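Numbering of ligands and ligand atoms starts at 1, following listing order. Fair warning: this is a prediction, and the values are worked out from it, not measured in the lab.
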Amino acid sequence: MAEIIPSILSADFARLAVDIARVEQTGIRMLHIDVMDGHFVPNLTLGPPVLKSIRKVTKLTLDVHLMIEDPDKFAPLFIEAGADQISIHQEACRHLDRTIRMIQSKGARAGVVLNPATPIQTLDDVLAIVDYVLIMSVNPGFEAQQFIPNALNKIRELAVRRKTLGLQFPIEIDGGINLENLGDVIRAGCDWVVAGSSVFHSDDPATTVTRMQQIAKSAESVFV
Ligand code: DX5
Ligand code: ZN
């Protein structure tokens with residue numbers, strides 16, 4: 001079944017352990033952690049010490065999304081701090097193949113992220129080695145932005161490409177996902193769905209995640 005992955009960007013940073021424990025009880029397997037450097041995106045979030053503290057309070061797979069200019073320098077530090085998987089932006093990597101392999105050689109899964117304006121064809125020559133692909137459905141940098149519908153076309157296109165090539169990598173989506181558009185995203189072919197504000201700004205984050213898991217399940221059953 002498609003995975004719902006809460007993004008802690010919308011959680012309360014002063015009580016992260018509490019907010020993580022709240023959503024953990026829903027049976028989620030992953031947690032999305034947004035790292036921003038104030039250069040690649042116009043916002044700042046957290047570094048390896050915070051990730052290390054998060055690692056101590058949860059066994060969930062830590063899905064670290066690097067929105068930074070120098071992923072080669074910092075990815076190893078996040079892996080050391082407890083990241084299970086690291087996604088890097090195609091737009092930030094001069095030697096994408098090398099960076100993917102470097103992350104994998106340090107024992108983490110490597111994903112590649114595409115901004116809304118970056119075509120999926122730019123990944124043609126690395127699709128065979130990536131562990132997952134993340135399609136941004138907002139311009140990265142902030143929570144609670146509006147979903148860009150063209151992301152659905154990109155997901156469909158990528159899902160076809162994956163099938164044609166006989167590959168298996170999961171397709172992840174990030175940005176502006178809510179209870180209303182989740183079904184469309186799943187039907188387009190998404191395997192992993194990141195949700196920040198729609199989860200943590202709701203009255204009861206656990207109930208919202210459970211509702212999202214139900215929507216994902218019924219959207220998928222249309223195709224089985
Ligand atoms: C945006 C981040 C997202 C963010 C999504 O740059 O990469 O992970 O947490 O937040 P929502 O779900 O509120 O758009
Ligand atoms: Zn993200």
Protein contact to [atom] [nearest heavy atom, distance to 0.1 Å]:
atom: atom 1 (C) of ligand 1; value: F142 O, 3.4 Å
atom: atom 3 (C) of ligand 1; value: D174 OD1, 2.9 Å
atom: atom 9 (O) of ligand 1; value: S7 OG, 2.7 Å
atom: atom 14 (O) of ligand 1; value: G176 N, 2.8 Å
atom: atom 10 (O) of ligand 1; value: E143 CA, 3.7 Å
atom: atom 13 (O) of ligand 1; value: S197 OG, 2.5 Å
atom: atom 6 (O) of ligand 1; value: G141 N, 2.7 Å

Of the side chain and backbone of P140, name the one, both, or neither that has a heavy atom under 4.0 Å from an atom of ligand 1. both

Mind checking whether N139 has an N or O less than 3.5 Å away from an N or O of ligand 1? no

Quick one: does M67 get an N or O within less than 3.5 Å of an N or O on ligand 1? no

Assess S198 for proximity to ligand 1: is some non-hydrogen atom of it under 4.0 Å away? no

H201 to ligand 1, any heavy atom closer than 4.0 Å: no

Under 4.0 Å between a Lys/Arg side-chain N and an Asp/Glu carboxylate O for R55 and D84? yes

Considering only N, O or S atoms of H65, the one closest to the Zn ion (ligand 2): ND1

When you measure from atom 11 (P) of ligand 1 to each heavy atom in S10, A195, A144, which option holds the nearest one? A144

